[in-house]
Amino acid sequence: MNPKKADILIENGVVLTMDEGGQFQRGAVAIEDDRIAAVGDEEALQGWKAKRVIDARGGIIMPGLVNAHTHAAMTCFRGIADDLPLMNWLNDHIFPAEAKLDVEKVYRGSLLACAEMILSGTTTFCDMYLFEEAVARAADEAGMRAVVGEVLYDFPSPNYGDIEKGFAYTESMAARYKDHPRISVAVEPHSPYLCAPELLQQAAELSRNAGILFVIHLSETKSEVETIRERYRKTPVAHLADLGVLGPGVLACHCVELAENDIALLAANGVKVAHNPESNMKLASGIAPIPELLEAGVCVGLGTDGCAINNNLDLFSEMDTAAKLHKASHLDPTVMDARTVLSMATIWSARALGIDDITGSLSVGKRADVIVVDTRRPHLTPLYRPASHLVYAAGGADVDTTIINGRVVMENRQLLSLDVDEVMDAVNRIAFEIGGAAYRPSPRDAN
Ligand SMILES: [Zn+2]
């Protein structure tokens with residue numbers, strides 16, 4: 001057997017590994033089956049033969065981006081209502097629209113999210129929503145890597161009914177996807193304000209016993225902190241710490257309103273954080289103390305949150321925002337440098353999801369989740385430092401090729417795993433059914 005034989009060879013690009021391998025100016029990546037077989041400069045990859053060669057044309061070859069927090073099916077509500085106070089937005093627009101959801105709509109909305117993510121270089125996402133089995137199915141069909149979890153809360157769910165059935169639903173999904181190469185399941189209680197202490201503890205127990213991730217919205221707004229203080233006389237973070245819920249298998253989303261002691265608690269317990277700057281800005285929730293969390297040694301990943309809030313799933317614009325937001329709020333251009341933000345969107349997000357052993361960087365033996373960013377474009381010329389362009393100049397539409405688990409799912413901006421027109425038409429029909437959509441689907445649209 002020739003050890004230098006690969007299925008795919010991506011060559012003629014700047015390789016950014018996002019691990020100790022660093023950067024190769026004229027580099028290449030060899031993919032064998034679902035794994036990265038070799039990565040290095042042209043010299044190191046000399047002699048490698050592949051069935052399929054992808055010419056990166058001087059572009060950037062890097063790990064696929066990892067979206068640490070989203071609600072994929074919320075694509076159905078993209079732009080349904082904006083510029084409103086959080087409670088009006090939720091009560092008058094989002095909750096009534098979500099009441100019309102069913103498994104089919106969540107499936108179609110998630111397919112659209114997957115299309116958008118693949119087209120903008122995201123290869124993995126962590127999801128929380130209703131009818132999550134439909135999200136898993138959509139991610140699987142799209143060829144994406146995903147961590148999925150059914151949202152759990154105190155009141156009956158339109159999907160599973162009472163909370164005990166919610167736990168049963170989560171457990172059966174976890175069992176079903178146990179050996180899946182790309183999909184894994186998390187236990188996802190919504191938040192400390194919608195979940196009783198018993199629910200949170202039961203979720204933590206399931207997370208530990210089954211070895212699955214625990215995902216929760218935490219300290220997202222001032223009003224959440226006030227509510228939890230009224231109920232339990234402590235901060236949301238201290239509340240979870242006292243319940244024995246916090247630990248290294250916990251992913252806390254948002255963490256905007258943190259007291260100093262909260263940061264110490266998150267760090268001491270090895271809790272991971274998902275930062276969603278555009279969502280926090282648009283809902284005027286505030287600015288999460290990310291430089292302070294990083295300084296304390298907390299692993300922080302980057303997420304877009306749902307499309308009804310953001311209103312897109314493009315992690316490139318999220319990186320740009322993350323870098324600039326903290327510079328402005330600290331009046332210090334050195335905080336959140338491009339390299340830090342890029343780590344947040346790749347290897348740290350993967351670590352936050354507990355899957356950095358298989359994705360998040362271009363290392364030999366890891367699964368082949370690789371993207372190629374086309375830099376032969378006016379707004380990306382010349383190219384001095386790849387990290388700078390990726391954070392401050394590039395957008396999702398500059399991604400030319402997306403490979404997930406060794407499979408090419410997008411090439412030359414053509415989505416190969418899904419019929420993108422069919423996916424868009426289906427969500428247009430859903431929006432029309434929900435009401436208020438500006439576009440009325442016509443019979444000319446494909447079915
Ligand atoms: Zn969220």
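Just so you know, ligand 1 is whichever comes first in the structure, and atom 1 is the first atom listed for that ligand.
- In this pair, Tyr177 and His180 present their aromatic rings tilted. The plane angle is within the 30 to 60° band.
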Determine, stepwise, if the pair Asp425 / Arg429 fulfils salt bridge (charged side-chain N to carboxylate O under 4.0 Å, His left out). CA-CA 6 Å; Asp425 290 342; Arg429 283 194 293 272; 5.3 Å; no
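- Contact annotation: Cys253 places no N, O or S atom under 2.8 Å from the Zn ion (ligand 1).
- Backbone or side-chain N, O or S atoms of His217 reach the Zn ion (ligand 1) at under 2.8 Å.
- A perpendicular orientation is assigned to the rings of His69 and His71, their planes being inclined by more than 60° (bins at 30° and 60°).
- Among the atoms of Asp305, an N, O or S atom falls under 2.8 Å from the Zn ion (ligand 1).
- Closest of all the heavy-atom pairs between Asp19 and Thr17 is OD1-OG1, 2.8 Å.
- Considering just the N/O/S atoms of His69, the one nearest the Zn ion (ligand 1) carries the name NE2.
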